[in-house]
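Structure in structure tokens, see below.
Worth knowing before you read on, the calculation uses all heavy atoms, side chains too, and leaves out hydrogens, waters and symmetry mates. The structure displayed is predicted, hence computed values, not measured ones.
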Amino acid sequence: MAENPFPGVNPYLNSVLLQPGGGWEMFHAEHIAMIRRKLDVIMPENYYSASEKSMQIGLPDASLPAMRTQPDVSVFRKDEISTVAPSTTEAIEPVLAMPLALPTDEFDLMSVNIYQTEGGSYPGVLVTRIELLSPANVPGGSHHDQYMSKRYETLMHGVNVVELHYLHTMHPVLSRIPSYRRRDEGAYPYYIIVGDQRPLINEMRVFGAAIDQPLPEFTVPLAKTEGVLMDLQDVYDTTFAGARVFSVIVDYDKPLLDADAYTEADQKRIAEIIKKEEQ
């Protein structure tokens, strides 16, 4: 599998993923799975992580045609069923034909939930949620209000919330964070937002990453004073290398897709990195 040639988030891949039908949901699922696996290796033994329903709402792939409502089960008379006989002495005909379960207007995204257990109890206590933010749930997205409501409720219940913002074309989830899209002074294209609810800390920490910088290492808060150091860049690179499709859908010989979404300075940095890799 090809490796990520960039020190941080791959802008060629990101620009493809964030196009309509570009595959963001696929990357979302792969990256969440890699984060969960990493956490299970580095966390203390009385914690575990699970991929569970996100606070976010996903939208269907825009490249797919609109779906029409279909019944759950269709029952046909035997003479209405057309089948291709298998390579056996006898044709086997179904008694039921059911339509595929296709998306209508939305689907569930996944997040990583971290639980603390005592004495092997299950499911334990939810202490931290890790969300990979998606376009529909940040400012300007169709489900931003719903996400912010669930986010507020989660924080009020004392659960830590970690949000990964790789959406350089979208405003950050919190208005106080400088927006790269708006070209605010001091803005970064990528952010990690840590809502740390531990009693001795109780603060919101924001980490930024530039085009030519690796995603930062940060502490994932657990319970009380506990936490684990997460090398997010390692997880990102593992995600990129672990699925062939991500190297297939990028073409470094072609102009950067939607280049204007990056500042002129960052466009130059991207070109310099690619040129250096080719030498």
- Pro135 versus Leu167: any side-chain heavy-atom pair under 4.5 Å?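 In contact.
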- Message: Are Val41 and Met34 connected into the same hydrophobic cluster when the rule is that any two of I, L, V, M, F, W, Y join if their side-chain heavy atoms are below 4.5 Å apart?
- Response: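 As far as the 4.5 Å side-chain criterion goes, Val41 and Met34 are connected within one cluster.
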- Message: Just verifying a value: how many Å separate Trp24 CH2 and Leu109 CG, rounded to the nearest 0.5 Å?
- Response: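 That separation rounds to 10.0 Å.
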- Minimum heavy-atom distance between Phe207 and Pro216, given as atom pair plus value: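 The answer is CB-CG, 3.7 Å.
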- Item | Approximate separation, where rounding is to 0.5 Å, of Ser179 OG and Glu185 CD |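 If I round to the nearest 0.5 Å, the distance is 13.5 Å.
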- For the residue pair Ser134 and Glu25, establish whether any side-chain heavy-atom pair is separated by less than 4.5 Å.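 Of all side-chain heavy-atom pairs linking Glu25 with Ser134, none is under 4.5 Å.
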- Task: Verify salt bridge (Lys or Arg N to Asp or Glu O under 4.0 Å) between Asp234 and Lys38, making sure each step is shown before the conclusion.
- Result: CA-CA 9 Å; Asp234 178 66; Lys38 180 71 171 182; 3.6 Å; yes
- Item | Arg198 side-chain N/O to Glu226 backbone N/O, donor-acceptor pair under 3.5 Å |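 Indeed, once roles are kept as given, a pair shorter than 3.5 Å links the two residues.
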- Item | Minimum heavy-atom distance Ala209-Pro189, with the two atoms named |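 Shortest heavy-atom separation between Ala209 and Pro189 comes out as O-CD, 3.3 Å.
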- Message: Donor-acceptor pair, distance only, cut-off 3.5 Å: does the side chain of Asn160 make one with the backbone of Leu222?
- Response: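 Flag set: sc Asn160 to bb Leu222 pair under 3.5 Å.
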- Message: Has His28 got a side-chain atom pairing as donor or acceptor with Leu132's backbone, closer than 3.5 angstrom?
- Response: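 Between the backbone of Leu132 and the side chain of His28 there is a qualifying donor-acceptor contact (under 3.5 Å).
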- What residue among His144, His143, Glu131, Gln146 forms side-chain hydrogen bond (donor to acceptor under 3.5 Å, both in side chains) with Gln56?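 The residue from His144, His143, Glu131, Gln146 that satisfies side-chain hydrogen bond (donor to acceptor under 3.5 Å, both in side chains) with Gln56 turns out to be Glu131.
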- Query: Applying the 4.5 Å side-chain criterion to the ILVMFWY set and letting contacts propagate, would Met204 and Ile192 be lumped into a single cluster?
  - Reply: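 Result: yes, single cluster for both.
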- Inspect the surroundings of CZ in Arg176 and state if more than 12 heavy atoms from other residues, nucleotides or ligands are less than 6.0 Å away.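 Counting neighbours around CZ of Arg176, 12 or fewer heavy atoms of other residues, nucleotides or ligands fall under 6.0 Å, so no.
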- Task: Determine, for Asp266 against Arg269, whether the closest basic-nitrogen to carboxylate-oxygen distance falls under 4.0 angstrom.
- Result: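 Judged by the 4.0 Å cut-off on N to carboxylate O distance, Asp266 and Arg269 do form a salt bridge.
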- Can you see which heavy atom on Pro178 is nearest to which on Tyr191, and at what distance?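 So the minimum-distance heavy-atom pair works out to O-OH, 2.7 Å.
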- Keeping the roles fixed (side chain from Gln233, backbone from Leu215), state whether a donor-acceptor pair exists under 3.5 Å.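 Yes, Gln233 side chain to Leu215 backbone: donor-acceptor pair under 3.5 Å.
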- Item | Any donor-acceptor N/O pair, Thr117 side chain to Asn46 backbone, under 3.5 Å |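 Flag set: sc Thr117 to bb Asn46 pair under 3.5 Å.
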- Message: Determine whether a donor-acceptor pair (N or O, by modelled atom type, separation under 3.5 Å) exists between the side chain of Tyr12 and the backbone of Ile249.
- Response: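 No.
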- Query: Does any non-hydrogen side-chain atom of Asp253 lie less than 4.5 Å from one of Glu278?
  - Reply: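 Heavy-atom side-chain distance check passes, below 4.5 Å.
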- Are Leu229 and Ile201 connected in a single hydrophobic cluster, I mean Ile/Leu/Val/Met/Phe/Trp/Tyr linked by side-chain heavy atoms less than 4.5 Å apart?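 No, Ile201 and Leu229 fall in different hydrophobic clusters.
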- Evaluate side chain to side chain contact (heavy atoms under 4.5 Å, CB included) for Asp196 paired with Asn202, printing each intermediate quantity in order. CA-CA 5 Å; Asp196 194 334; Asn202 194 30; over 6 Å; no
- Within 6.0 Å of CD in Glu203, more than 12 heavy atoms from elsewhere: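 Counting neighbours around CD of Glu203, more than 12 heavy atoms of other residues, nucleotides or ligands fall under 6.0 Å, so yes.
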- Item | Sidechain-backbone polar pair: Asp212 side chain, Ile270 backbone, donor-acceptor under 3.5 Å |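 The answer is no, because no donor-acceptor pair under 3.5 Å joins these two groups.
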- Task: Would you name the heavy atoms of Ser49 and Asp40 that are closest together and state the gap between them?
- Result: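 Where Ser49 meets Asp40 most closely, the heavy atoms are OG-OD1, 2.9 Å.
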- Query: Is there a donor-acceptor pair under 3.5 Å between the side chain of Glu30 and the backbone N or O of Met26?
  - Reply: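 Looks like no, no N/O pair under 3.5 Å.
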- Item | Validation row: Thr219, Val228 side chains within 4.5 angstrom (heavy atoms) |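 No, side chains not in contact.
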- Message: Please give me the minimum heavy-atom distance between Val161 and Glu163, naming the atom from each residue.
- Response: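 It is CG1-CG, 3.8 Å.
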- Task: Look only at the side chain of Thr239 and the backbone of Val235, and say whether a donor-acceptor pair between them is shorter than 3.5 Å.
- Result: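 A pair under 3.5 Å: yes.
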- Query: Do other residues, nucleotides or ligands put more than 12 heavy atoms under 6.0 Å from the OH atom of Tyr262?
  - Reply: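 Enclosed.
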- Item | Separation of Leu13 CG from Ser247 OG (nearest 0.5 Å) |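 That separation rounds to 9.5 Å.
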- Task: Please examine the side chains of Val173 and Met148, heavy atoms only from C-beta on, and report whether any two atoms are closer than 4.5 Å.
- Result: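 The answer is yes, as the side chains (C-beta and beyond) meet within the 4.5 Å cut-off.
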- Task: Hey, could you give me the CD1/CZ distance between Ile114 and Arg129, rounded to the nearest 0.5 Å?
- Result: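 Going from CD1 on Ile114 over to CZ on Arg129, the span is 11.5 Å.
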- When clusters are formed from ILVMFWY side-chain contacts under 4.5 Å, directly or step by step, what else is grouped with Tyr122?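 Hydrophobic cluster check, Tyr122: joined to Tyr48, Tyr115, Leu126, Val159.
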- Message: Are Tyr190 and His168 packed together at the side-chain level, in the sense that at least one heavy-atom pair is separated by less than 4.5 angstrom?
- Response: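 Tyr190 vs His168: side chains touch.
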- Item | Side-chain touch Pro221/Val194, heavy atoms, less than 4.5 angstrom |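 Heavy-atom side-chain distance check passes, below 4.5 Å.
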- Task: First locate atom CD1 of Ile273, then atom CD1 of Ile211, and finally report the distance between them rounded to the nearest 0.5 Å.
- Result: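 Answer rounded to 0.5 Å: 7.5 Å.
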- Message: Evaluate Phe27 against Phe246 for ring-ring contact (aromatic ring centres under 6.0 Å, His included), listing each step before the verdict.
- Response: CA-CA 8 Å; Phe27 173 80; Phe246 299 137; 5.7 Å; yes
- Go through the steps to decide whether Asn10 and Tyr252 satisfy the test side chain to side chain donor-acceptor pair (under 3.5 Å), and finish with yes or no. CA-CA 11 Å; Asn10 186 313; Tyr252 304 115; 2.9 Å; yes
- Task: Kindly determine whether Asp258 and Ser15 satisfy side chain to side chain donor-acceptor pair (under 3.5 Å), including the steps that lead there.
- Result: CA-CA 6 Å; Asp258 198 17; Ser15 290; 5.8 Å; no
- Task: Give me the ring orientation class for Tyr166 and His31: parallel if the planes are under 30° apart, tilted from 30 to 60°, perpendicular past 60°.
- Result: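 Tyr166 and His31: tilted rings.
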- Message: Quick check for you: to the nearest 0.5 Å, what is the distance between Thr169 atom OG1 and Asn14 atom CG?
- Response: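 Taking OG1 in Thr169 and CG in Asn14, the distance rounds to 8.0 Å.
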- Ala259 versus Gln267, closest heavy-atom pair with distance: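 Closest approach of Ala259 to Gln267: O-NE2, 3.2 Å.
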- Would you check, one step at a time, whether the test side chain to side chain contact (heavy atoms under 4.5 Å, CB included) holds for Val162 with Ile193? CA-CA 6 Å; Val162 176; Ile193 306 160; over 6 Å; no
- Message: I'd like to know whether Val138 forms a side chain to side chain contact (heavy atoms under 4.5 Å, CB included) with Tyr147, so could you lay out the CA-CA distance, the side-chain angles of the two residues, the decisive distance to 0.1 Å, and finally the verdict.
- Response: CA-CA 8 Å; Val138 295; Tyr147 174 72; over 6 Å; no
- Message: Consider side-chain hydrogen bond (donor to acceptor under 3.5 Å, both in side chains). Of Arg36, Glu52, Lys53, which one does Asn113 pass it with?
- Response: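 Of all the options given, the one that passes is Glu52.
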- Taking the side chain as every heavy atom from C-beta outward, state whether Met230 and Leu39 have any atom pair closer than 4.5 Å.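 Contact flag for Met230/Leu39 side chains = yes.
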- Hphob cluster co-occupancy, Ile177 + Tyr152, side-chain heavy atoms under 4.5 angstrom: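 No; tracing contacts between hydrophobic side chains, which count when under 4.5 Å, never links both residues.
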- Does the pair Glu153/Arg151 count as a salt bridge with the N-to-O cut at 4.0 Å?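 The answer is no: the pair does not qualify as a salt bridge.
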